[in-house]
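Below, read A as the first sequence line, B as the second, and so on, with proteins coming before strands; counting in each chain starts at 1.
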Protein chains: 4
Amino acid sequence: MPKISDEHRAARQAQILDAAWRCFYRQGVQATTMEQIMAESGLSASAMYRYFAGKDDIIVAAISSSLSRLGQLLEPILEAPQQRSVPALLQQVTAAIQSFSERPGFNLCRIALHGWSEAQRNERLRGLMRDFYAAFRDRLADRVRRWQAEGALDAGAPPQDVAQTLLSLIVGFVVQSAIVHDADPAAHGRGLAALCAPASA
Amino acid sequence: MPKISDEHRAARQAQILDAAWRCFYRQGVQATTMEQIMAESGLSASAMYRYFAGKDDIIVAAISSSLSRLGQLLEPILEAPQQRSVPALLQQVTAAIQSFSERPGFNLCRIALHGWSEAQRNERLRGLMRDFYAAFRDRLADRVRRWQAEGALDAGAPPQDVAQTLLSLIVGFVVQSAIVHDADPAAHGRGLAALCAPASA
Amino acid sequence: MPKISDEHRAARQAQILDAAWRCFYRQGVQATTMEQIMAESGLSASAMYRYFAGKDDIIVAAISSSLSRLGQLLEPILEAPQQRSVPALLQQVTAAIQSFSERPGFNLCRIALHGWSEAQRNERLRGLMRDFYAAFRDRLADRVRRWQAEGALDAGAPPQDVAQTLLSLIVGFVVQSAIVHDADPAAHGRGLAALCAPASA
Amino acid sequence: MPKISDEHRAARQAQILDAAWRCFYRQGVQATTMEQIMAESGLSASAMYRYFAGKDDIIVAAISSSLSRLGQLLEPILEAPQQRSVPALLQQVTAAIQSFSERPGFNLCRIALHGWSEAQRNERLRGLMRDFYAAFRDRLADRVRRWQAEGALDAGAPPQDVAQTLLSLIVGFVVQSAIVHDADPAAHGRGLAALCAPASA
DNA sequence: GATGAATGAGTCTTCATTCAT
DNA sequence: AATGAATGAAGACTCATTCAT
């Protein structure tokens, strides 16, 4: 019965990836050693190599699965039919990221920075990440188009430009969370609202 | 004559840091070896240790000097008295970053990602970076206050919130430059302008 | 029914040894891993250890069985009653070796080199091989004695010396086959005939 | 002064290759570990990698230098102008090999077997060895031609065939030395002489 | 009786750093 | 002041073998 074996395989791989993330989060991707992942996962050296071809494979799988999780986290927010205002969307997205990051041992923001850095020197990772962010920006552009159709946004602006700006706001929040440690969804929302508001309100 | 010695020292250090950056840019911080920096700088092993205490020192010095360069690049833009609109400022800042990044062998955007990642696992670096970005945000807040005083911006908004939003836009541009490779200052400006504009323009 | 079990056992062992030889032939003895033999034989790890005590046992059994096959190949040639001339015998033996070597996946010549090398560092193998070649040389000496009795060869020469020379010619052919790839039974026969011929023929 | 450095380099390389040969001789090529070569040479791990790119490089260099030594050993014998008989040449060559092999820690015959085996799975080595033996056989063919010119050998025989036969006798001696341990230059000479002699002498 | 997942000792190799010259 | 040879600890990865199921 291969089913048991497949489930076992998936479980072990998840076990390894979770351990890898806990290590990456603490020390960065390159500085994490296989031995540390072994210790964190409770598996032996050979067990790791049964489920992954090597360190690079673990890195790619871990980052890839992390991007998937991030996509699953943000998709419902983007697709919610009742989204009316840009600052509100931004606030919801950043709040979701923040609450997801607060779980112990898995800070999404710090991990993102490590992943971006690693993607600079890893072919597969670079493609993976470019595709993910390009796709995410396309979803944002869709959202912009709906707003424009609803009359909530200037219909003359190129949706891709607005999407690029929105994506910057989101990843900028991530960076400030990891570096300055005081990024605040509400502040981001207020700041953007202030920019959008007529000056002499 | 200690003065010559000091100049010599500074020149050698700059030579090493430049070489280090070229390596970091290509391969990331952790994956760069001392031997590669030696080869890139044309100096001997002992020379490196004469001018820096070790690899960590080179990393901190390189990132620190890079932050200084970035500050020097952006300061005149922030302080320019004639700055009138937020989208225009954003476009100027991102354009400056982009043109600075286009010089061969020193892509500021890619380097920033490496530096952020490294700062997660290096105490000194973390402090350095937090201080730099906090200070930069303070400068942005000053700018916001001036705009508010000039009536160009809603006076009721907390300047720090607006500054946080602006910083996000800037670093978001950096990330998109390095990851998706198509970040565009003009698009960022247009996108922000669209968000600020009244919907039914 | 132990008989079926015994047959089963022998069949499995042969299956393993055949697989082992295909691996040894390609990569040498030491460089072949148990996993490769497992893959080549289609058997599981535990099956290997059920039928052999370990890798060393497989090596010894494989080389031993190979020597037997070689002996069975050459024996009828040595014992053929109509053998009249030394060059003819040499040519027949080398031709037999060559045709045996041409089967895909089992080059006797290459395998011999691997076996000799391995015998240097394996006590059991060393004895096995010494005995085999000593016995083979004894058979050659018998042949020489028969030739001497028939008047086909100088009766004053020590048969063991002639046998040693003949064995050198044979294994020399094997080495040249594996290393220079152009060893030729006919050329060997002609060369020896030329040495035996009176100079001014 | 680069000369000192070059001499130093050559000396270290020789030191490593000598150590490697002592290990190869005892255990075969593949079964020898870098650590054993380190211990035998008295050098550290990194020192080895300063002078050789890796284990494969050491193997190739060691075998290559060994072939050179063998060539230097046999060349004067082949070129000696007073060589008159084939058995005498054979005896001189084998005797030279034997005396060279008797030095402690460097048995040329055992080493040859290891080298041949290794050449089966190492591209560079295979070419190296094929070229060496082909060239050696050409020298033998030259010798044969001279004998034929002097009337000492049947002028009608193809020199390359005779050379192939002679090479077989030599390498056959090497194999019997290493495997049966009783190969004897004099016996080889007598055996060949018996084959060459008229039967009813 | 058979499987294949698991192991831990061992392999080759690299690297930041030091030190004799 | 400067060199570059040397180090040893640590890195990723492999492999013959065992054991729970």
Hey, can you pull the donor-acceptor pairs under 3.5 Å for the side chains in residues 38-47 of chain C, sequence neighbours left out?
{"from": "C:E40", "atom 1": "OE1", "to": "C:R26", "atom 2": "NH2", "distance (Å)": "2.9"}
{"from": "C:E40", "atom 1": "OE2", "to": "C:R22", "atom 2": "NE", "distance (Å)": "2.7"}
{"from": "C:S41", "atom 1": "OG", "to": "C:I37", "atom 2": "O", "distance (Å)": "2.9"}
{"from": "C:S41", "atom 1": "OG", "to": "C:M38", "atom 2": "O", "distance (Å)": "3.2"}
{"from": "C:S41", "atom 1": "OG", "to": "C:L43", "atom 2": "N", "distance (Å)": "3.3"}
{"from": "C:S44", "atom 1": "OG", "to": "C:A47", "atom 2": "N", "distance (Å)": "3.3"}

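Every residue two or more places apart in sequence or in another chain was checked for a salt bridge (charged side-chain N to carboxylate O under 4.0 Å, His left out) with D:D56, and none qualifies. In this view, C:A178 and C:C109, C:R110, C:L113, D:Q120 satisfy the side-chain contact (heavy atoms from CB on, under 4.5 Å) rule, not counting sequence neighbours. Every residue was checked against the salt bridge (charged side-chain N to carboxylate O under 4.0 Å, His left out) condition with C:R12, not counting sequence neighbours, and none meets it. Remark: C:R50 pairs with no residue by the salt bridge (charged side-chain N to carboxylate O under 4.0 Å, His left out) rule, at least two apart or across chains. With sequence neighbours excluded, the residues satisfying side-chain contact (heavy atoms from CB on, under 4.5 Å) with A:R124 are A:D57, A:V60, A:N122. With sequence neighbours excluded, no residue satisfies side-chain hydrogen bond (donor to acceptor under 3.5 Å, both in side chains) with A:Y49. Residues forming a salt bridge (charged side-chain N to carboxylate O under 4.0 Å, His left out) with C:R69 (at least two apart in sequence, or on another chain): C:D18. Applying the side-chain contact (heavy atoms from CB on, under 4.5 Å) criterion to B:S65, with sequence neighbours excluded, gives B:L17, B:W21.
Of all the residues in residues 47-57 of chain B, B:R50, B:Y51 reach under 4.0 Å from DNA chain F with at least one non-hydrogen atom. Within residues 38-45 of chain B, the residues having any heavy atom closer than 4.0 Å to DNA chain E are, in order of number, B:A45.
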**OP:** Convert the base pairs of DNA chain E into dot-bracket notation, remembering that pairs crossing earlier ones are written with [ ] and that bases paired across to another strand are shown as |; include only Watson-Crick or G-U pairs under 3.5 Å.
**Re:** .||||||||||||||||||||
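Rounded to an integer number of Å, the gap from C:E35 CD to F:dT14 P is 10 Å. We find that CE of A:M34 is positioned 16 Å from C1' of E:dT11, with the value rounded to whole Å.
For B:Q27 (side chain) and A:R121 (main-chain N/O), no donor-acceptor pair under 3.5 Å exists by modelled atom type.
Among the nucleotides E:dA2, E:dA6, F:dA6, the one closest to any side-chain atom of A:H8 is E:dA6.
Comparing A:R12 and D:Q30 by the nucleotide of DNA chain E whose heavy atom lies nearest to each, the residue mapping closer to the 5' end is A:R12.
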